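Okay, so here's the structure we're looking at.
Counting convention: from 1, in listed order, for ligands and their atoms alike. Since the model is a prediction, treat every value here as computed from it, not as a measurement. The first residue in the sequence is number 1, and the count goes up from there. Note that these values count all heavy atoms, side chains included, but never hydrogens, waters or copies made by symmetry.
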Amino acid sequence: MKKFTVITLGCPKNTVDSRHLIEELTAEGFLYVEEFKKADFVFINTCCFINDAKEESIDEILTVAKCKEHRKLIVIGCLSKRYKNELKKEIPEIDALFGVNETASIISFMRQFKNSDSYSLICAYTMEPPSYRYIKIADGCSRRCSFCVIPSIRGPFKSREPEKILKEAEGFVSSGIKELIIVAQDITQYGKELKGYNLVSLLKDLCSINGDFWIRLLYLYPTDVDEAIIQTVAENDKIVNYLDIPMQHSEERILRLMGRRGTKKEYFKKIRQIREAIPGVTLRSTFIVGFPTETEDEFQRLVDFIEEVQFDRLGVFKYSREEGTVAYNLKGQIPESVKNRRFDEIMTRQALISLEKNRALVGKKYDALIDYIDADLALARLYCHAPEIDGVVILENVSELKAADKVKVLITEAYEYDLKGVIVK
Ligand code: SF4
């Protein structure tokens with residue numbers, strides 16, 4: 001039986017695409033294996049959102065190419081969609097290239113290698129822990145942020161059918177998954193082509209699924225987080241009090257150049273509204289430093305904004321000049337050394353904010369979801385931690401427990417990003 005493995009880079013949306021590919025190939029009679037050594041086919045699901053992501057994807061392809069031996073190397077995803085010809089030319093070890101949403105072509109490519117006697121085995125799927133699953137509710141993006149290549153790679157925004165999403169969610173919950181993480185490029189756009197069915201409708205339907213699970217919302221466009229969404233999060237216990245709202249900048253001139261909506265005043269108002277309606281809410285945002293023409297004053301005002309809001313979680317990106325975007329042609333590109341300094345300044349300040357916020361949790365009790373267990377050490381998360389991007393709670397002496405268990409923990413120590421805790425009754 002032919003075996004394949006998938007290496008996934010980039011964001012949670014790629015994780016979902018890889019999972020779907022694994023399901024489809026398994027249904028075709030191929031066996032998913034975790035170990036590269038055992039595989040006949042190695043898929044690399046790539047990312048090219050910014051320069052660092054591109055480099056990581058290329059490094060991974062080159063590493064696999066060097067030791068591929070008899071294996072077939074198949075590159076898929078964003079980088080492969082954007083640079084198909086270049087990759088084919090520069091890395092001849094690649095056996096096939098596919099872009100995004102090309103599962104049907106991948107399957108027909110793979111069929112030529114299928115054994116006639118192949119039979120279906122239970123797929124040992126271990127790419128994500130047994131505690132959570134990302135659910136992609138839409139593909140693509142129809143916004144036109146001037147720095148972003150996503151719309152040209154993934155196409156316009158397209159909502160998935162609610163029935164499919166709900167069926168997938170029910171399947172996860174009944175198999176013991178305890179956290180459903182709702183993702184799309186911008187989930188506030190969900191349902192815009194579905195005639196009256198929107199994100200709030202979907203969330204209500206998801207909350208009505210029976211079972212012990214949490215729902216987490218990632219990536220909401222700031223100006224479109226409306227009263228109805230805020231109330232839905234506030235009123236439903238199944239939705240954790242956590243919102244990831246990428247703002248990218250605070251200054252109006254830069255926001256307009258970025259092709260984004262809203263003003264600093266509106267952002268302040270929205271944040272106040274959210275914090276009043278959802279006490280204890282964890283707010284995450286991302287910002288870009290070094291966008292073309294960003295002055296020192298504008299950067300300092302961004303720092304002041306971040307200081308004043310005191311986001312619970314913060315991601316910072318150095319502006320990456322991407323071919324094919326509007327911002328690529330802007331005059332006033334900022335030198336890398338300046339971007340690095342601005343990046344370091346925000347990260348240093350945020351580390352202090354984060355430490356202070358974590359210290360405030362010491363002595364308090366929370367429900368925690370265990371993602372991983374190794375010997376008698378567990379890594380768990382609270383409602384305020386999204387997997388992969390936020391910190392974790394480290395628990396010791398947990399020999400009786402397993403991944404996907406929910407426990408009550410008392411927080412005993414705080415670090416910049418992680419926490420330590422003990423299990424309590
Ligand atoms: S909202 Fe803007 S930054 Fe986000 S994917 Fe769409 S175009 Fe890109």
| message | Could you work out, with side-chain contact (heavy atoms from CB on, under 4.5 Å) as the rule, every residue matching Ala169, not counting sequence neighbours? | response | Ile135, Leu180, Leu206, Ile209
| said: Ring-plane angle category for Phe305 and Tyr267, please: parallel below 30°, perpendicular beyond 60°, tilted otherwise. | reply: tilted
| request: Look at the rings of Tyr366 and Tyr383 and say which category their plane angle falls in: under 30° parallel, 30 to 60° tilted, over 60° perpendicular. | output: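 The rings of Tyr366 and Tyr383 sit tilted, inter-plane angle from 30° to 60°.
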| task | Compute both the distance and the angle, then confirm whether Lys13 meets the cation-pi test with Tyr219: under 6.0 Å from the six-membered ring centre, within 45 degrees of the axis. | result |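 Yes, Lys13 and Tyr219 form such a contact.
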| remark: Using heavy atoms and a strict 4.0 Å limit, residues surrounding ligand 1 turn out to be Cys141, Arg143, Cys145, Phe147, Cys148, Ile150, Pro151, Gln185, Arg260
| request: Output, in order, the C-alpha distance, side-chain angles, deciding distance and verdict of ring pair (Phe, Tyr, Trp, His ring centres under 6.0 Å) for Phe41 and Phe109. | output: CA-CA 12 Å; Phe41 300 89; Phe109 169 80; 7.5 Å; no
| query | So, do Arg341 and Val338 sit near enough that their side-chain heavy atoms are less than 4.5 Å apart? | reply | yes
